[in-house]
There are 2 protein chains.
Amino acid sequence: MKYSYQREQILKIVQSSYGHLSANEVYEQVRKIIPNISLGTVYRNLNTLAEHHFIRRIIMPHGSDEYDYNVEPHSHIYCVKCGNIYDLPSKVDERMQKLVEKEAGYTITKSSVVFEGICPQCESEKEG
Amino acid sequence: MKYSYQREQILKIVQSSYGHLSANEVYEQVRKIIPNISLGTVYRNLNTLAEHHFIRRIIMPHGSDEYDYNVEPHSHIYCVKCGNIYDLPSKVDERMQKLVEKEAGYTITKSSVVFEGICPQCESEKEG
DNA sequence: CCCCTAAGTAGTAATGATTACTACTTCATT
DNA sequence: AATGAAGTAGTAATCATTACTACTTAGGGG
């Protein structure tokens, strides 16, 4: 991987976001610094960075994929009320994997798990 | 839902497939019976049938969605060796859901879970 | 039994996310 | 400094899916 200013800025944005960003959201942000950057460059660099484990690509079932500063394998949950995407503890992933391997006899190499539900905050607001 | 010959044939194909078919695969099959059927008609009917719980739509992380005759909620695993998509027992789903609700405090309404791994058959062939 | 209209259809165009392509530029090594 | 592999901007292409349009049909009320 050769250095490039574009990639450096893209990495900074994802790392400082402390959340999940779509390629387009990264594009919007990086354009403030590099106005003529191309969307293709954003995609290419996000994927290169993900391949080299600097960030993690979250393949969303529908809609655009998201890029995550947290490189530890973990699943995600989309809150249908507030629209946010939250991380699930990686402990949950480990246990899910063991469950599938034990119950069904498969060797899991990778998983794409996105839950939909209601986050604790929205759940408690329901009563207020 | 008004009767239509097209929808009847589409339902028959998915139900008699005993597996998972993409919209395009259904299209290819139904064209043998109704040569000038439109791909849009296939999509519309598959989704209508799924909404009415005659079949189930499996949203795949990447690639095309699949349609399943098995309407019980269950997750899927894609075997990276043979390329097939297998069902996981719905017991696994129930336990995954409980795990997430207990460990992370979320109320799960829906889940899109697709594992990638190696199926028992391919696993055993490795040694031969 | 026929008419009406909402639902369905074929065919095509549009959408949205992502990747591919092309000609030009830049990093970093000798 | 020269070279070549890797990177870039800009644009076109791809792929799955949905939307649109004008036409057709199912099927209940008169």
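In this text the structure is predicted, and so the values were computed from the model without any measurement.
Between the CE atom of B:M1 and the P atom of D:dG28 there is a distance of 14 Å, rounded to whole Å. Put simply, CG on A:L39 is 18 Å from P on D:dT14, counting in whole angstrom units. Residue A:I59 contributes atom CD1, which lies 21 Å from atom P of C:dG16 at whole-angstrom precision. Remark: C1' of D:dT18 and CG of B:N24 are 15 Å apart, rounded to the nearest angstrom. The CD atom of B:E66 sits 15 Å away from the C1' atom of D:dC15 (whole-angstrom rounding). Distance A:H62 NE2 to D:dC15 P: 18 Å, rounded to the nearest Å. Following rounding to the nearest Å, A:E8 (CD) and D:dT8 (C1') show an atom-to-atom distance of 16 Å. Counting to the nearest Å, the C1' atom of C:dA17 and the CG atom of A:D65 are 8 Å from each other.
A salt bridge links B:R95 with A:E103: at least one charged nitrogen is closer than 4.0 Å to a carboxylate oxygen.
With hydrogens and angles ignored, the 3.5 Å screen pairs a side-chain donor or acceptor of B:T109 with a backbone N or O of A:E116. Using modelled atom types, no side-chain atom of B:R7 and backbone atom of B:R44 make a donor-acceptor pair closer than 3.5 Å.
Each of B:S4 and B:Y67 has a nearest nucleotide on DNA chain D; the 5'-most of these lies closest to B:Y67. Nearer the 5' end of DNA chain C, as judged by each residue's closest nucleotide, is the contact made by B:I34, out of A:S38 and B:I34. Remark on DNA chain C: of its neighbouring residues B:N36 and B:R7, the 5'-side contact belongs to B:R7, judged by nearest-heavy-atom nucleotide.
Comparing D:dT17, C:dC27, C:dT19 by their closest approach to the side chain of A:K2 singles out C:dC27. Distances were taken from every side-chain heavy atom of A:S64 (C-beta onward) to each of C:dA17, D:dT17, C:dA10; the shortest belongs to C:dA17. For B:Y43, counting side-chain heavy atoms from C-beta on, the closest listed nucleotide (D:dA16, D:dA9, C:dT18) is D:dA16. In this structure, of D:dA9, C:dT9, D:dG7, it is C:dT9 that holds the atom nearest to the side chain of B:Q6.
For the pair B:N47 and D:dT18, the criterion of a side-chain N or O lying under 4.0 Å from OP1 or OP2 is met. Within the structure, a side-chain polar atom (N or O) of B:T41 is placed less than 4.0 Å from OP1 or OP2 of C:dA10. Applying the 4.0 Å criterion to OP1 and OP2 of D:dT18, one finds that B:R44 has every side-chain N and O outside that range.
Ring geometry for B:H76 versus B:H20: interplanar angle over 60°, hence perpendicular rather than tilted (30 to 60°).
Residue B:N45 is classed as a sugar-phosphate contact, given heavy-atom separations below 4.0 Å to backbone atoms only. Within the 4.0 angstrom heavy-atom criterion, only backbone atoms of the sugar-phosphate kind lie near A:Y3; the bases stay farther away.
At a cut-off of 3.5 Å, with distance as the only test, a side-chain donor of A:R57 or A:N47 sits close to an acceptor on the other residue.
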